[in-house]
Asks: 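My questions all concern the structure below.
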Amino acid sequence: MKSQATMICCLMFFLGIECSHYKSKVHIKDGDKRQHPEGKLMTGRIQEKCQGPCTMASNCSQPCAQHFRGEIGFTCHQNKWQKSTETCTSLSVETLFKDFSSASRLSLAASSVPVHVLDFRAPEPVESVAQGILRNCPIDYACILDVVKSSEATSGNIAFIVELLRNISTDLSDNVTQEKMKSYSEVANHILDTAAISNWAFIPDKNTSSDLLQSVNLFARQLRMHNESENLADELFIQAKGLRINHNTSEKKFNFSASMNSTTEGILGMIEIPRQDLWKLSPNASQAISIAFPTLGAILKEVRSQNVSLPRPVNGLVLSVILPEGLKQVLFTFEKINKSRNARAQCVGWHSRKRRWDENACETTLEITNRVKCLCNYTNMVMSFSILMSPKSIDNKVLYYITCIGLSISILSLILCLTIEALVWSRVVVTEISYLRHVCIVNIAVSLLIANVWFIINSNFHKKAQDSKWCVALTFFSHFFYLSLFFWMFFKALLIIYGILVVFRRMMKSRLMAIGFAIGYGCPLVIAGTTVAITVPEKGYTRPDACWLNWDNTKALLAFAIPALVIVAVNLVVVLVVAVNTQRPSIGSSKSQDLAIIMRISKNVAILTPLLGLTWGFGVATLIEGTSLIFHIIFALLNAFQGFFILLFGTIMDHKIRDALKMRMSSLNGRTRVAENASLSPTNGSKLMNR
């Protein structure tokens, strides 16, 4: 047997055929993929970048690695060469069928047929995929599987495989069986792998992903079923099911559970054909086929159109349906991939001619935290459906106008508050407690004023600064100054306790000031800095849709919510303690004066603290799914007008500030009258006449 093999190899050598094909070949099982030793799918070869000078908008190209045809294109961006296109491919029509032809002839040589009888002439060249399949594996297309599934998923190979599937759909779709559909799905599954997604971006033809979807739908349309229900394909990244239906059939459903990769849980999808629509079918049996793609949504590239901001991320399975004539409406249930509260869904259908998602093809009938129900219109142009992620908060003009008007009033109120404090400062800071009280008011106003300014900057620039160091900086300063607002409120409450409980031994004013600034600005700096240090390395500091603390991934928002709510609770307890202690009779006039001041401070804290607490209480209410719009409106009102509340309750309602302001204004009026009288005196008049 060994000598016969040697003789065959010698004959093959003289005929120009590699003898290595005679060696035992390890066939890749269904679903297996060529892998690195680490177990990761090979998705291309790293090639050296261009060596020439990199100037703006310049391009260059490099040849592919050995055994690959094509080239890799680079574009100069920010003074660095970045990969832009790739056409490297190891596949061709010849390579698809070369191994199969050699193996078939060698199998004859291994039989009992004498070697001299064998015809070792070179086979006729295969001019097309259809010709090669019809010649070698017309029953199930299995002859191309090993070569395709063992190839690297480079951009060039992906484009070749899509063209291969397109040719099969157009040239070999006369008699599609379940076996052919299974082989077809295995080929498509290879380029839909999660590890290959990044290489789709470098394919020069941006319509390749749309061509793949259209080819799969076209091929499935030609399938003829023989059973009541069939599991047509069950690959990791493409699933297909079929049902026999007629006008007497009860409501039918397709249920899918597909994963983005082999480690995550499945994302659910369901297709329902309503009973009232099934009545429209003819008595003859028909069929309905559905296909689920878990990763195709990340691959599909839309053609640009007016008033559409691309890319629009897909947030669920892509579900295709092939229905008989007469069925026009289908119900879909999509599980969201991103289940964030702000990840609002938009039901859409893929328009194969326009090559983009069509919002008019579907309407949303129900949306909850993790699922969406869509009613979609099925046509020959719109056969695939999904949901787009629209990460927006409640879009209501009332909230927008409340925020704009409220912030404007708040900022003006805080500026007025600080101006009044500057005018009356020397007249109102006559005692230690009043001095510290006004220090707190000023720092509360400054903190809120700066925080509001940062909020406006965030609102205008968060889309441009997203995923950048600017966004981190904007979020940090907003976090810091909003925390400072609450910690100065906390220090104000501590001063009240200090004024009540500490009677005989007082701290020096400088020490109290140092404690105040340590609490008011030191604690927020520690909290904000720690939050940045912990979450930025994980890229979980900011939200994906705004420059503010992340909630969905790292819960960084707790670094603001917990201190704020704890301080509000503590301040309310302090107010209760003050209410109890101030009922006791006072001893001595000085103590009575201090208690009067404390009572005035307590009144302000009692007003300000519940307002701030109520604000964030309604903020918590807005986090609950399905919260009424009225809670969002109240939350916006209380937040936007905080500066006005501080001016009203912290400054204007203080009678000492009003008295000092009146005296200040009277003094200014008096100086003005004196100046006017001096200018009208006879002495000045004679001087003017003498000139």
Side-chain angles (χ1 to χ4, degrees), residues 169 173 176 181 210-225 228-230 232 238-256 268-293 296-297 300 302-303 305 308 312 314-335 345-367 371-388:
S169 298
S173 58
V176 179
M181 186 67 190
S210 178
D211 290 340
L212 172 64
L213 177 59
Q214 193 169 356
S215 299
V216 175
N217 291 341
L218 178 62
F219 190 76
R221 180 189 286 276
Q222 305 302 322
L223 177 67
R224 292 294 174 262
M225 293 175 49
E228 285 298 315
S229 63
E230 292 182 3
L232 304 174
I238 178 172
Q239 299 176 14
K241 298 179 181 180
L243 290 172
R244 301 280 290 177
I245 56 175
N246 56 51
H247 73 290
N248 291 323
T249 308
S250 59
E251 187 175 78
K252 289 294 184 181
K253 297 180 181 180
F254 296 98
N255 292 293
F256 293 98
L268 302 178
M270 185 170 65
I271 304 172
E272 301 177 62
I273 304 175
R275 181 70 184 90
Q276 60 270 23
D277 287 342
L278 289 170
W279 289 340
K280 301 175 184 178
L281 294 177
S282 63
N284 299 326
S286 302
Q287 64 183 27
I289 296 172
S290 60
I291 310 167
F293 307 90
L296 186 60
L300 276 173
E302 294 187 76
V303 174
S305 61
V308 176
R312 296 187 289 179
V314 175
N315 199 26
L317 298 177
V318 175
L319 297 177
S320 292
V321 288
I322 293 91
L323 301 176
E325 293 292 333
L327 294 181
K328 299 300 181 184
Q329 286 194 324
V330 190
L331 285 169
F332 293 89
T333 302
F334 296 98
E335 181 182 1
Q346 184 176 30
C347 300
V348 289
W350 181 262
H351 199 290
S352 58
R353 188 176 63 222
K354 297 179 181 178
R355 297 181 185 270
R356 63 172 181 261
W357 293 111
D358 185 0
E359 299 90 343
N360 299 322
C362 301
E363 62 175 324
T364 304
T365 59
L366 176 67
E367 180 178 1
R371 294 191 184 187
V372 182
K373 282 196 172 184
C374 308
L375 179 63
C376 299
N377 297 317
Y378 169 84
T379 66
N380 289 333
M381 289 292 102
V382 183
M383 303 168 60
S384 304
F385 305 88
S386 189
I387 53 173
L388 299 180

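For reference, positions follow the sequence shown, starting with 1. No experiment lies behind these values; they were computed from the predicted model shown.
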Asks: Does the distance from C374 SG to C362 SG come in under 2.5 Å?
Replies: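 Unbridged: C374 and C362.
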Asks: Determine the minimum heavy-atom distance between V216 and F293, stating which atoms define it.
Replies: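 In terms of heavy atoms, the two residues are closest at CG1-CZ, 3.8 Å.
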Asks: About how many Å separate CG of L317 and CG of L268, when rounded to the nearest 0.5 Å?
Replies: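 Between L268 CG and L317 CG, I get 8.0 Å after rounding to 0.5 Å.
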Asks: Are the side chain of K241 and the backbone N or O of N255 linked by a donor-acceptor pair below 3.5 Å?
Replies: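 A pair under 3.5 Å: yes.
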Asks: Which pairs would a plain distance check flag for residues 324-334, meaning a side-chain donor or acceptor within less than 3.5 Å of a matching protein atom at least two apart in sequence or in another chain?
Replies:
from, atom 1, to, atom 2, distance (Å)
Q329, NE2, N377, OD1, 3.3

Asks: Using atom types as modelled and distance alone, determine if a side-chain donor or acceptor of E302 lies under 3.5 Å from a backbone N or O of W357.
Replies: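 Such a contact is found between E302 side chain and W357 backbone.
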Asks: Can you confirm whether R221 sits close enough to N380 that some side-chain heavy atom of one is under 4.5 Å from a side-chain heavy atom of the other?
Replies: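 With C-beta onward as the side chain, the pair touches.
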Asks: Which atom names give the shortest non-hydrogen contact between M225 and S229, and what distance separates them?
Replies: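 So the two residues come closest at CE-CA, 4.4 Å.
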Asks: State the CD1-CG distance between I245 and L323, to the nearest 0.5 angstrom.
Replies: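 Here the rounded value is 6.5 Å.
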Asks: May I have the step-by-step check of side-chain contact (heavy atoms from CB on, under 4.5 Å) for Q287 and R224, ending in yes or no?
Replies: CA-CA 8 Å; Q287 64 183 27; R224 292 294 174 262; 3.8 Å; yes
Asks: Which atom pair, heavy atoms only, marks the closest approach of S290 to I271?
Replies: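 Answer, listing the atom of S290 first, then I271: CB-CD1, 3.5 Å.
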Asks: Can you sort out the partners of E335 under salt bridge (Lys or Arg N to Asp or Glu O under 4.0 Å), two or more places apart, ordered by chain and number?
Replies: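 Applying salt bridge (Lys or Arg N to Asp or Glu O under 4.0 Å) to E335 gives K339.
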Asks: Within the 4.5 Å heavy-atom criterion, are L223 and I322 side-chain neighbours or not?
Replies: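 Not touching, per the 4.5 Å side-chain cut-off.
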Asks: Between atom CD of Q346 and atom CG of N315, what is the distance when rounded to the nearest 0.5 Å?
Replies: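 Here the interatomic distance stands at 12.0 Å.
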Asks: Can you list everything that forms a salt bridge (Lys or Arg N to Asp or Glu O under 4.0 Å) with R355? Sequence neighbours excluded, please.
Replies: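 Once residues adjacent in sequence are excluded, the partners of R355 under the salt bridge (Lys or Arg N to Asp or Glu O under 4.0 Å) criterion are D211.
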Asks: Side-chain contact test, heavy atoms from C-beta onward, threshold under 4.5 Å: evaluate it for L388 versus V314 and give yes or no.
Replies: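 Contact flag for L388/V314 side chains = yes.
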Asks: Output all residues satisfying side chain to side chain donor-acceptor pair (under 3.5 Å) with E230, sequence neighbours left out; order by chain, then residue number.
Replies: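 Counting only residues at least two positions away or on another chain, E230 forms a side chain to side chain donor-acceptor pair (under 3.5 Å) with N227.
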Asks: Which pair of heavy atoms, one from A220 and one from I289, lies closest together, and at what distance?
Replies: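 Scanning both residues, the minimum pair turns out to be O-CD1, 3.3 Å.
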Asks: Residues two or more places apart in sequence or in another chain: which of them pass side chain to side chain contact (heavy atoms under 4.5 Å, CB included) with R353?
Replies: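 For R353, the residues satisfying side chain to side chain contact (heavy atoms under 4.5 Å, CB included) (neighbours in sequence not counted) are H351, M381.
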Asks: What pairs with S384 under side chain to side chain donor-acceptor pair (under 3.5 Å), at least two apart in sequence or on another chain?
Replies: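 Here the qualifying residues are N217, S320.
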Asks: Which heavy-atom pair separates G316 from I387 by the least distance, and what is that distance?
Replies: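 Scanning both residues completely, I find the closest heavy atoms to be N-CG1, 3.9 Å.
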Asks: Partners of S169 by side chain to side chain contact (heavy atoms under 4.5 Å, CB included), sequence neighbours excluded?
Replies: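 For S169 the side chain to side chain contact (heavy atoms under 4.5 Å, CB included) partners, ignoring immediate neighbours, are Y184, S215, L218, F219.
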